[in-house]
Peer 1: 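Here's a structure for you.
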Amino acid sequence: MDHKNKQDPAGRPAFRRPDFVTVGEHCRIGNGVTMSATANTPIEIGDRTRILRGSELLGPMQIGSRVFINRDAYIRSRVRIGDGVSIGPFVKIISDSHHMGDSSHRAGAGKTEDIVIEDGVWIGASVVVLGGVTIGAGAVVAAGSVVVSSVPENAVVAGIPARVIRAIEG
């Protein structure tokens, strides 16, 4: 089969597992998924995980088993995703930012803060999750929300910034 046949209709190339990326059994990685990893910034993906086309992942990162990452997700370094997590399309999980600088240059020194997404979480389409956040097990983040602070287990959050709108049974 020639290279052209390995592309999807939008012309994205077939996924090729880079060095320093560990992929579990029975995973499916879509065309055009890019992963940036080194010996110091590996990416580990658990069994039966599915990552759809166009997503970009930067290590170090751990992704559990039975995770679904929909198309065009963007996930930065120092993120840990638990088992059974579902991530909607166009989600951005961004662990790095800047300290506030002085008035001559507000984007000060860079900083990176871990993000933890615990087991069973559902993150809706176009959500943004910022550094230093933990999303508790079984939580749901409504589409379009911006998560700037940690989310309790089994809570539904929505809005900009995301706030708890109700608790759900475990």
Side-chain angles (χ1 to χ4, degrees), residues 1-8 10-101 105 107-123 125-137 139 141 146-151 153:
M1 178 182 286
D2 65 35
H3 179 69
K4 213 168 202 179
N5 290 336
K6 292 182 182 178
Q7 294 178 343
D8 69 7
R12 289 176 286 251
F15 174 74
R16 293 196 177 120
R17 186 180 58 81
D19 292 337
F20 310 109
V21 173
T22 304
V23 178
E25 294 183 16
H26 307 290
C27 291
R28 293 192 301 177
I29 311 292
N31 292 345
V33 171
T34 58
M35 297 184 191
S36 297
T38 68
N40 294 325
T41 61
I43 296 174
E44 301 171 15
I45 300 171
D47 297 338
R48 300 185 187 284
T49 288
R50 186 173 174 202
I51 304 172
L52 296 190
R53 66 183 186 194
S55 293
E56 183 175 351
L57 288 68
L58 290 79
M61 179 180 307
Q62 295 173 310
I63 299 173
S65 296
R66 302 176 333 278
V67 172
F68 175 74
I69 300 174
N70 210 320
R71 63 173 291 196
D72 297 303
Y74 179 71
I75 306 174
R76 299 285 297 183
S77 61
R78 292 177 48 185
V79 172
R80 183 170 53 85
I81 298 171
D83 296 335
V85 170
S86 294
I87 297 175
F90 312 109
V91 167
K92 293 172 182 57
I93 301 173
I94 305 170
S95 55
D96 51 334
S97 185
H98 296 271
H99 292 281
M100 184 73 72
H105 188 78
K111 66 178 182 176
T112 303
E113 299 176 285
D114 294 350
I115 295 173
V116 177
I117 300 169
E118 294 181 345
D119 296 347
V121 168
W122 174 19
I123 298 175
S126 297
V127 165
V128 175
V129 179
L130 298 180
V133 166
T134 295
I135 300 177
V141 181
V146 177
V147 182
V148 299
S149 59
S150 292
V151 174
E153 291 185 5

Peer 1: When rounded to the nearest 0.5 angstrom, what is the spacing between CZ in R80 and CE in M61?
Peer 2: 13.0 Å
Peer 1: Check G59 against S77 and note the closest heavy-atom contact, atom names and distance.
Peer 2: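 G59 and S77 have their closest heavy atoms at O-CB, 3.2 Å.
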Peer 1: Is any side-chain heavy atom of F68 closer than 4.5 Å to a side-chain heavy atom of L52?
Peer 2: yes
Peer 1: Does any non-hydrogen side-chain atom of P60 lie less than 4.5 Å from one of R78?
Peer 2: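 In short, these two side chains touch, coming nearer than 4.5 Å.
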Peer 1: When rounded to the nearest 0.5 angstrom, what is the spacing between CZ in F20 and CG in N40?
Peer 2: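 These two atoms lie 8.5 Å from each other.
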Peer 1: Drop me the distance from D119's CG to R66's CZ, to the nearest 0.5 angstrom.
Peer 2: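 The CZ atom of R66 is 7.5 Å from CG of D119, to the nearest 0.5 Å.
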Peer 1: Could you tell me if the side chain of V85 sits less than 4.5 Å from the side chain of I135, heavy atoms only?
Peer 2: no
Peer 1: Measuring from atom CD1 of I115 to atom OG of S150, what distance do you get when rounded to the nearest 0.5 angstrom?
Peer 2: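 That separation rounds to 10.0 Å.
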Peer 1: Hey, does the side chain of S65 reach the backbone of D47 with a donor-acceptor pair shorter than 3.5 angstrom?
Peer 2: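 Flag set: sc S65 to bb D47 pair under 3.5 Å.
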Peer 1: Without swapping roles, check the side chain of S36 against the backbone of L58 for a donor-acceptor pair under 3.5 Å.
Peer 2: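 No, S36 side chain to L58 backbone: no donor-acceptor pair under 3.5 Å.
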Peer 1: Could you tell me if the side chain of C27 sits less than 4.5 Å from the side chain of I45, heavy atoms only?
Peer 2: yes
Peer 1: Hey, could you give me the NZ/CG distance between K92 and D72, rounded to the nearest 0.5 Å?
Peer 2: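 If we round to the nearest 0.5 Å, K92:NZ and D72:CG are 8.5 Å apart.
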Peer 1: Pair I51, L57 - check side-chain contact (heavy atoms from CB on, under 4.5 Å), show working.
Peer 2: CA-CA 10 Å; I51 304 172; L57 288 68; 4.2 Å; yes
Peer 1: Are side-chain heavy atoms of I93 and I87 found at a separation under 4.5 Å?
Peer 2: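 Contact flag for I93/I87 side chains = yes.
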Peer 1: Do the non-hydrogen side-chain atoms of V129 and V141 ever get within less than 4.5 Å of each other?
Peer 2: no
Peer 1: Taking R76 for the side chain and D96 for the main chain, is one N or O donor matched with an acceptor at less than 3.5 Å?
Peer 2: no
Peer 1: Check whether any side-chain N or O of S97 sits under 3.5 Å from a backbone N or O of K111 as a donor-acceptor pair, and report yes or no.
Peer 2: no
Peer 1: Using side-chain heavy atoms (C-beta onward) and a distance below 4.5 Å, is I75 in contact with I69?
Peer 2: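 In contact.
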Peer 1: How many angstroms lie between CD in E153 and OG1 in T134, if you round to the nearest 0.5 Å?
Peer 2: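 With rounding to 0.5 Å, CD (E153) is 11.0 Å from OG1 (T134).
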